[in-house]
Protein chains: 2
Amino acid sequence: MKHPTIHDVAARAGVSKSLVSLVMREAGNVSESSRRAVLDAARALGYRPNRAAQALVRRRSQILGVLVSDLHNPFFHDAVDGIDAAAVEHGYRALLSTGHLVTKQEAQAIDTLLELRVDGLVLASPRVTSATVAEAAQSVPTVVLGRSVRVDGVDSVHNDDRLGGGLVVDHLVERGHERIAHIHGGKGAGARPRRSGYEAAMNRHGLGEHILAVPGAFTEQGGVDGMRRLLTTKPLPTAVFVANDLSAMGALGVLDDAGITVPDDISVVGYDNLRAVEYSRISLTTVDQPRYDMGSIAVALVLERLEEGRRTDRDVVLPPTLVVRDTTAPPRRRR
Amino acid sequence: MKHPTIHDVAARAGVSKSLVSLVMREAGNVSESSRRAVLDAARALGYRPNRAAQALVRRRSQILGVLVSDLHNPFFHDAVDGIDAAAVEHGYRALLSTGHLVTKQEAQAIDTLLELRVDGLVLASPRVTSATVAEAAQSVPTVVLGRSVRVDGVDSVHNDDRLGGGLVVDHLVERGHERIAHIHGGKGAGARPRRSGYEAAMNRHGLGEHILAVPGAFTEQGGVDGMRRLLTTKPLPTAVFVANDLSAMGALGVLDDAGITVPDDISVVGYDNLRAVEYSRISLTTVDQPRYDMGSIAVALVLERLEEGRRTDRDVVLPPTLVVRDTTAPPRRRR
DNA sequence: CCGGCCCTGTGGAACGTTCCAGGCTGTCGC
DNA sequence: GCGACAGCCTGGAACGTTCCACAGGGCCGG
């Protein structure tokens with residue numbers, strides 16, 4: 001339980017602590033014999049460099065902090081894969097922390113990361129206020145993933161949610177739908193633009209009168225609540241665009257319980273293209289975002305500030321793509 | 001980008017660094033006026049204590065490291081919830097790292113955590129060798145979650161996979177099945193005992209001759225491969241116990257593609273009771289493990305060693321429970 | 001009025017590293 | 001034979017904290 005230090009290694013190898021340091025970080029100008037002696041001593045003692053001490057003197061920890069707002073949402077898993085891979089590739093390690101969708105806990109998680117003096121911060125769909133984000137960005141390069149952000153000093157990478165919302169409506173209209181409703185994502189990342197994309201497209205198609213957006217959330221429960229609400233509307237919509245796949249799952253469950261068949265009675269579209277959704281009761285039509293790439297781009301953005309000294313803000317927007325599967329069909333002739 | 005230090009705060013507040021330290025960690029014996037002055041100065045400067053420096057001098061970081069073998073497997077999400085909650089409750093923070101199911105990456109992730117001098121380590125279904133686990137345990141209290149482990153100095157918490165495997169067979173036998181096959185989980189955590197539970201139960205029911213275990217893995221792909229293999233066997237089994245839910249999803253997909261109806265033609269049982277599985281094509285019969293509790297127990301085990309100085313090894317085994325849903329039915333009369 | 005103690009506050013050492021300035025050898029060129 | 005220089009190695013300062021020993025002042029009791 002007692003950690004050997006560089007001094008212990010030095011003593012055992014019969015050299016100075018400086019030499020050990022030189023060997024450990026593979027600096028040049030060390031004789032082969034000393035190198036060997038040090039390495040042997042280190043192995044024998046089970047020496048492991050203390051990153052905290054290292055970070056203190058170099059002012060770099062080589063660690064990137066990642067805040068994941070909701071570990072349960074598969075959207076983040078691929079993003080984290082991308083983050084992790086990019087970080088490692090550039091000699092950094094990613095450390096995750098989560099706030100379980102609770103603002104205060106998220107803020108504390110960010111605090112912990114910042115106190116640890118991570119070199120950069122990736123906030124995946126954070127729920128915290130932009131003031132908190134701005135504050136973080138003041139001490140370390142920070143990028144927000146999954147939502148557009150207008151805070152000074154903060155970069156962001158996200159897909160074009162507005163466009164994605166439009167894509168969905170276009171597809172449904174093409175299939176012949178007019179009464180297309182939307183269960184929106186509340187304060188979730190990207191929820192607003194998805195909704196406005198929906199509304200704009202509806203208007204564009206001359207279906208403004210059929211616009212109907214009911215509240216939901218980016219969780220299963222959100223979809224359940226939204227769909228229940230929707231089922232009380234007088235002429236049932238013939239198609240529903242649900243804010244994300246997770247909530248679409250919930251919505252599908254409600255429809256099933258109500259004996260409403262998808263897509264015969266009603267068409268459903270989600271957003272995110274989660275893998276699990278392919279295996280759902282019925283394969284969901286959805287919108288895909290390049291999650292993995294978003295993760296690696298986020299890291300690239302952090303590194304640009306960190307290593308190249310960029311000071312201007314960047315907002316990277318990636319295009320979403322429609323994935324048509326089995327939950328969308330033309331509407332029933334008449335109801 | 002320059003982090004203010006305790007000295008900066010001291011200068012601004014007109015006191016000594018020691019006083020600032022006293023105030024920041026809420027030690028007693030500080031006058032109200034000094035406290036206020038320090039707090040104001042800290043706020044004005046945006047001071048944030050440096051955990052690395054703190055950790056260096058107290059030999060505690062108040063951080064628990066968590067290695068998650070596969071972020072994509074929902075099994076871990078609840079476990080992490082439990083870990084996080086328990087950690088926070090005891091004044092620690094959990095930091096996650098992942099190895100993406102690759103042994104070497106996992107080992108590196110553990111290394112990073114150890115170099116950071118986390119106070120304890122929770123390894124969730126690690127893929128690394130027990131030598132690596134033992135090594136980690138030598139420098140810090142370590143508990144393995146999700147698999148039983150026989151390494152000295154390491155605690156573990158897991159469900160009784162052997163019992164779970166038996167539960168599944170009992171259920172199927174009770175429904176009238178005899179040709180019950182198993183797609184096992186390879187080297188996955190708990191895969192071996194689940195398999196031996198299956199085999200023992202088969203023998204117990206006098207169905208030893210029908211034992212048929214084909215290789216799989218704890219991933220969707222594992223289930224796909226296993227089921228494809230199974231479909232080539234001469235008299236098709238009437239029921240299949242798949243090593244975990246994730247692979248059961250894959251297996252169900254294969255059956256669907258082959259035009260085989262579940263549960264009419266064949267019954268399927270998974271393991272883990274993932275939430276998504278309730279919403280799958282057809283609600284999966286599965287075995288539930290108390291994931292959240294496993295997480296909090298893991299933390300408790302770490303803390304027992306850390307704060308109470310326990311030195312004996314503990315192996316906590318939790319009971320699994322069968323969750324009967326829609327993928328199991330009596331076998332077809334004759335085929 | 002003095003000794004002691006409590007209360008508040010201070011400086012310095014230590015934690016485990018890195019980095020800098022510099023110190024030996026030994027070789028080479030002239 | 002001597003200066004220069006390369007190659008290898010060293011001690012000490014610094015990083016931002018905590019903690020310890022101690023200091024000054026006020027107050028109390030005798």
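Proteins get letters first, then strands, A, B, ... in listed order; numbering begins at 1 in each.
- Across the protein-nucleic acid pair, A:Leu22 atom CG and C:dT17 atom P stand 14 Å apart, rounded to whole Å.
- Straight-line distance from the CZ atom of A:Arg36 to the P atom of D:dC8: 15 Å, rounded to whole Å.
- Look at A:Ser16 and you'll find a side-chain N or O under 4.0 angstrom from OP1 or OP2 of D:dT10.
- Using a distance-only test at 3.5 Å, with no hydrogens or angles considered, a donor-acceptor pair links the side chain of B:Glu106 to the main chain of B:Val128.
- Among C:dT10, C:dG16, D:dT17, the nucleotide with an atom closest to any side-chain atom of A:Ala53 is C:dG16.
- Looking at which nucleotide of DNA chain C each of B:Leu19 and B:Arg117 is closest to, the 5′-most match is held by B:Leu19.
- Distance, B:Leu116 CG to C:dG16 P: 16 Å, rounded to whole Å.
- Residue B:Arg59 places at least one side-chain N or O closer than 4.0 Å to OP1 or OP2 of C:dG16.
- Across the protein-nucleic acid pair, B:Met24 atom CE and D:dG16 atom P stand 15 Å apart, rounded to whole Å.
- Taking the six-membered ring for Trp and the full ring otherwise, B:His100 and A:His77 have centroids separated by 6.0 Å or more.
- The side chain of A:Leu56 lies closest to C:dG16 when the candidates are D:dC8, C:dG16, C:dT17.
- Take the nearest nucleotide of DNA chain D for A:Lys17 and for A:Ser33: the residue whose nucleotide is more 5' is A:Ser33.
- Taking atom CD on B:Glu115 and atom C1' on C:dG16, their separation rounds to 13 Å, with Å as the unit.
- Computed from coordinates, the A:Arg60 CZ to D:dG16 P distance equals 15 Å when rounded to whole Å.
- When heavy atoms are screened at a 4.0 angstrom cut-off, A:Ser18 is found touching base atoms of the nucleic acid.
- Between B:Asn50 atom CG and C:dT17 atom C1' the separation is 13 Å, expressed in whole Å.
- No side-chain donor-acceptor contact under 3.5 Å links B:Arg60 to the backbone of B:Gln62.
- Applying the 4.0 Å criterion to OP1 and OP2 of D:dC19, one finds that B:Arg25 has a side-chain N or O inside that range.
- One distance of note links CZ of B:Arg59 with CG of A:Asn50; it measures 9.0 Å at 0.5 Å rounding.
- Taking the side chain of A:Ile6 as heavy atoms from C-beta on, and the options D:dT10, D:dT17, C:dT17, the nearest nucleotide is C:dT17.
- Here the nucleotide nearest the side chain of B:Arg58, chosen from D:dG16, C:dT17, D:dT18, is D:dT18.
- Of the listed residues (B:Asp119, B:Leu306, B:Leu121, B:Leu64), just one forms a side-chain contact (heavy atoms from CB on, under 4.5 Å) with B:Val140, and that residue is B:Leu121.
- Side-chain nitrogen and oxygen atoms of B:Ser31 include at least one within less than 4.0 Å of the OP1 or OP2 phosphate oxygen of C:dG9.
- A sub-4.0 Å separation between OP1 or OP2 of C:dT18 and a side-chain N or O of A:Ser21 is present.
- For A:Gln54 and D:dT17, the CD to P distance is 19 Å, given to the nearest whole Å.
- Taking side-chain N and O atoms only, A:Ser34 has no distance below 4.0 Å to OP1 or OP2 of D:dC8.
- The B:Val57 side chain lies nearest to D:dG16 when the options are D:dT10, C:dT18, D:dG16.
- Here B:Asn29 lies in heavy-atom contact (under 4.0 Å) with a base.
- A pairwise comparison of heavy atoms in B:Ala13 and B:Ala37 identifies CB-O, 3.8 Å as the closest pair.
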